[in-house]
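Taking it in order: structure first as structure tokens, then the write-up.
Source: prediction; values computed, not measured.
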Amino acid sequence: MEWSTLLLSTGLVCFFLCVILYDIFSKGSAILSWDFVTKLPTNGMTQGGILTPMIGTVFLTLITALFSIPFGVCCAIYLNEYAENTWLTRTIRASIRNLSGVPSIIYGLFGLALFVQALSLGTSILAAGLTLGLLSLPYIITTTEEALLRIPRSMREAALAVGATKFESIKDVVLPAALPGILTGIVLTLSRAAGETAPILFTGAAFYITNSFGSLSQEFMALPYHLYMLSTQHQSIEEVRPIAYGTALVLIIVVFLMNLTAFYIRYKFRNNEK
């Protein structure tokens, strides 16, 4: 009975997922072309391509990675390898896990208050990237710490027994062994950040920009926000509907490739270990 219920639930989820993907692929593939990907949007986004949103998404993801990965990995290493198991450490861990469940729009409002207003960065790609970096930090910390916890304590003790310092044992033994899990978590987190709309809604995403990316202090276009505007806010929704489906298809492909990269990294490192 339990297995049949689980199988039915899985089948329903997969069915609706296939319906959604079929609808997007069937309607988006008609407009998908090299010109669609490489041309700037023109005529109020009713013509042209999605080059500007794609460039904005790439730079936004890079800023997010540069801000969140070093802080997240270092924080996880400290919590797992150096911090004592005290009430303060347990509170910090619980807080990090709770932050993972905070709605993304709350991060957007926080980014508006901190980066846009308090730090006077204005509505810009830098403010949006830092906001997404904050959103990504709890996930990177959690996945990195889980990867470190999978490494047996005996490996650390063996490194210390042959004269290595604690830092050397972490750098040369623990981190290389945990690298597949760390990289997988990072790539999956960045793929999620690349598809977020709410955090960039308040911090720098623009409705329509005629030129490509120029500087970190200017507003930008991004694929998820571009799709949102085409689908709900454009004055000629019926006219731009094919472009909206094409944008959705490109965004799905980008996220899929990032997830595929994460699985490939894990597969390759596991084969090397064997």
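Of all the heavy atoms in G111 and T203, the pair that sits closest is C-CG2, 3.9 Å. Of all heavy-atom pairs between C75 and I96, the closest is SG-CD1, 4.5 Å. Shown here for G129 and L60, the closest heavy-atom pair between the two residues is N-CD1, 3.4 Å. Here the shortest heavy-atom pairing between R156 and L148 reads NH2-O, 3.0 Å. A pairwise comparison of heavy atoms in A244 and S231 identifies CB-OG, 3.9 Å as the closest pair. Annotation for P224 and G195: closest pair CB-O, 3.6 Å, computed over non-hydrogen atoms.
Hydrophobic clustering, with ILVMFWY side chains joined whenever heavy atoms are under 4.5 angstrom apart, keeps L227 apart from V58. Following chains of ILVMFWY side-chain contacts shorter than 4.5 Å, one can reach I92 starting from I141, so the two form part of one hydrophobic cluster. Placement of V19 and V13 in two distinct hydrophobic clusters is found when ILVMFWY residues are connected by side-chain heavy-atom separations under 4.5 Å, directly or transitively. Using a 4.5 Å cut-off between side-chain heavy atoms of Ile, Leu, Val, Met, Phe, Trp and Tyr, with links allowed through other members, L21 and I31 fall into the same hydrophobic cluster. With hydrophobic clusters built from ILVMFWY side chains whose heavy atoms lie under 4.5 angstrom apart, I106 shares a cluster with L112.
In this structure, the side chains of V73 and I186 come closer than 4.5 Å at one or more pairs of heavy atoms. Counting heavy atoms from C-beta outward, V174 and N80 have side chains that stay 4.5 Å or more apart. L190 places a side-chain heavy atom less than 4.5 Å from the side chain of I69.
Contact check on E81 versus K171 returns no salt bridge, with no Lys/Arg side-chain nitrogen under 4.0 Å from an Asp/Glu carboxylate oxygen.
Of the inter-residue distances, the one linking L119 atom CG with L130 atom CG reads 8.5 Å to the nearest 0.5 angstrom. Once rounded to the nearest 0.5 Å, the distance linking CG of D172 with CZ of F167 reads 8.5 Å. Separating the CZ atom in F220 from the OG1 atom in T57 is a distance of 8.0 Å, to the nearest 0.5 Å. Rounding to the nearest 0.5 Å places CG of L260 at 12.5 Å from CD1 of I253. Note: L201 CG to Y228 OH = 6.5 Å, rounded to the nearest 0.5 Å. Here the CD1 atom belonging to I125 is positioned 4.5 Å from the CD1 atom belonging to I63, to the nearest 0.5 angstrom.
Scored by the side-chain contact (heavy atoms from CB on, under 4.5 Å) test, R192 finds L135, Y139, E196 as partners (sequence neighbours excluded).
Judged by distance alone, with hydrogens and angles left aside, the side-chain atoms of S26 form a donor-acceptor pair with the main-chain N or O of D23 at under 3.5 Å. In this structure, the side chain of R90 engages the main chain of N85 through a donor-acceptor pair within 3.5 Å. A donor-acceptor pair under 3.5 Å is formed between the side chain of N98 and the backbone N or O of A94. Side-chain atoms of T143 come within 3.5 Å of backbone N or O of I140 as a donor-acceptor pair.
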When you look at L134 and L99, which way does the side-chain contact (heavy atoms from CB on, under 4.5 Å) test go after all the steps? CA-CA 10 Å; L134 287 179; L99 285 173; over 6 Å; no
Please walk me through it: do I243 and F36 pass side-chain contact (heavy atoms from CB on, under 4.5 Å)? CA-CA 9 Å; I243 300 177; F36 180 71; 4.0 Å; yes
For side-chain contact (heavy atoms from CB on, under 4.5 Å), just list the numbers for F202 and V116, CA-CA rounded to whole Å, side-chain angles, deciding distance to a tenth of an Å, and then say yes or no. CA-CA 9 Å; F202 306 103; V116 176; over 6 Å; no
Between V187 and N259, does a side-chain contact (heavy atoms from CB on, under 4.5 Å) hold up when you go through it step by step? CA-CA 7 Å; V187 175; N259 283 267; over 6 Å; no
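No option in I200, T52, I55 other than T52 meets the side-chain contact (heavy atoms from CB on, under 4.5 Å) test with M221. For the pairing with H226, the side-chain contact (heavy atoms from CB on, under 4.5 Å) check across L251, T247, V250 returns one residue only, T247.
Relative orientation of the Y82 and Y78 rings is parallel, given thresholds of 30° and 60° on the angle between their planes.
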